[in-house]
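Structure first, then comments.
Below, chain A is the first sequence line, B the second, and so on; all start at residue 1.
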There are 2 protein chains.
Amino acid sequence: MRRGPRKRTTRQLEQVFKALHGDHSHPIAHEIYRRVHKKLPRISLATVYRNLHTLVEEGKIRTLLLGDQVARYDPETREHDHFICERCGRVSDVFLKRARRIDLSPLARDGYVVTTHNLTVYGMCRVCAGRRRTSKPSRAARKPSVRTMAVIRG
Amino acid sequence: MRRGPRKRTTRQLEQVFKALHGDHSHPIAHEIYRRVHKKLPRISLATVYRNLHTLVEEGKIRTLLLGDQVARYDPETREHDHFICERCGRVSDVFLKRARRIDLSPLARDGYVVTTHNLTVYGMCRVCAGRRRTSKPSRAARKPSVRTMAVIRG
DNA sequence: TTGCTTGCAAATTTTTTGCAAAAAC
DNA sequence: GTTTTTGCAAAAAATTTGCAAGCAA
């Protein structure tokens, strides 16, 4: 999972990991920077990016590229899927049972060698489904760009 | 699917659509620009982007955000999935039978309202699976960034 | 000490925008 | 003729990189 020189334990690396550990909000790099900045006011965004990459290489966190062209980071490394609320923008972890997951055998029969797959579901989260037409959409985590309206987000 | 003033038919719009029509290679904007540029040497990249957006709004093509933070465009508007070859970078359309697709009912039971979902599969395409360890990976369509090694691309 | 890591600034990459001129209808 | 679209250049937004100085081992 890693090659090259062994990594050193720096305050910056530790804090970047701490900022993400146990969090299920799938923050983007700048949000993580904001969090770490409170502990280490001199840290730079570049260092946050570099440490996020380090953590990904070490398998401690994962990068999520869910379709808004901005990388999100997830400390949940177990296999799981994601649900994106089209109203509030929140990204939730979703654990579908293995048996309920996708049958990819037709691909294998077709000559493809499958290593992994990714499933992202779109719709309304529980909170927003409740509020249905009461309040107007809040763009919580992220601005849903004009484009994302008619997009296949993969 | 559209609002605002009705669109005018320009040579630029026509050529952008032609450049994509019937193509299954999922090109990025710059590749489309390159193609159209042969026909209309004075076209600008901005115009290509604007026309791609127009075509998406009209439902003639789709935007694919598959995880490399670069938008791809697909003239195939029927519901389908994608396979990304981790060796050559090629993106293939994949049509899995409805019955074989994902059972999302657990989500509904959990209070989520599902509108769409997206499935992307990773592995080796037929061509590369044949060549297995003969030739070294070519980064055909796109550079697989270092990051994409340990990423959940969704 | 050695050499990986940081902070800062500048560079990259992809996409969007402002605006006057050109093209559609 | 009026209104949309284009081309060009500049702006934005996200991420990466060069480099001297700082720190971990």
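For A:R87 (side chain) and A:C128 (main-chain N/O), no donor-acceptor pair under 3.5 Å exists by modelled atom type.
The CG-C1' distance, from B:L66 to C:dT14, rounds to 16 Å in whole Å. In this entry the distance linking CD of B:E57 with P of D:dT5 reads 10 Å, nearest Å. Distance B:D68 CG to C:dT13 C1': 12 Å, rounded to the nearest Å. Summarising the geometry, the separation between CG on A:N51 and P on D:dT17 is reported as 15 Å, rounded to the nearest angstrom. Taking atom NE2 of residue B:H37 and atom C1' of nucleotide D:dT6, one finds them 14 Å apart after rounding to whole Å. For the pair A:Y33 OH and D:dT15 P, the computed distance is 15 Å after rounding to whole Å. Atom CG of A:L65 and atom P of C:dT14 are 14 Å apart (whole Å). Distance CD (B:E58) to P (D:dT4): 15 Å, rounded to an integer number of Å.
No salt bridge links B:E14 with B:R11; every basic N to acidic carboxylate O contact stays at or beyond 4.0 Å.
Applying the 4.0 Å criterion to OP1 and OP2 of D:dT6, one finds that B:T10 has a side-chain N or O inside that range. Close to D:dA14, at under 4.0 Å from its OP1 or OP2, lies no side-chain N or O of A:Q69. Look at A:K7 and you'll find a side-chain N or O under 4.0 angstrom from OP1 or OP2 of C:dT5.
Taking CG of A:L55 as the reference point, atom CG of A:L13 lies at 5.0 Å (rounded to 0.5 Å).
A pairwise comparison of heavy atoms in B:R78 and B:F95 identifies NH2-CZ, 4.2 Å as the closest pair.
A heavy atom lying under 4.0 Å from DNA chain D marks none of the residues of residues 11-21 of chain A.
For the pair A:V121/A:D81, no side-chain contact is recorded, criterion being any heavy-atom separation below 4.5 Å from C-beta on. Within the 4.5 Å cutoff, no side-chain heavy atoms of A:L64 are placed close to those of A:Y73.
Ranking C:dT16, C:dG7, C:dA23 by closeness to the B:H53 side chain, first place goes to C:dT16. Taking every side-chain heavy atom of A:V70 into account, D:dA14 is the closest of D:dA25, D:dC8, D:dA14.
Neither side chain, B:T116 nor B:N118, offers a donor N or O lying under 3.5 Å from an acceptor on the other. Under the 3.5 Å distance criterion, with hydrogens and angles disregarded, a donor-acceptor pair is assigned to the side chains of A:H82 and A:D74. If you check the side chains of B:D93 and B:H26, you find a donor sitting under 3.5 Å from an acceptor.
The side-chain contact (heavy atoms from CB on, under 4.5 Å) search around A:T47 returns A:Q12, A:I43, A:S44, A:R50, A:N51, not counting sequence neighbours.
For the pair A:R42 and B:L45, both in contact range of DNA chain C, the more 5′-proximal nearest nucleotide belongs to A:R42. Along DNA chain C, the nucleotide nearest to B:Y49 and the one nearest to B:R8 differ in position, and the one closer to the 5' end is contacted by B:Y49.
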For nucleotides 18-20 of chain D, list the nitrogen or oxygen atoms of the protein found under 3.5 Å from its nitrogen or oxygen atoms, one pair per line.
unit_1, atom_1, unit_2, atom_2, d
D:dG18, O6, A:R50, NH1, 3.3

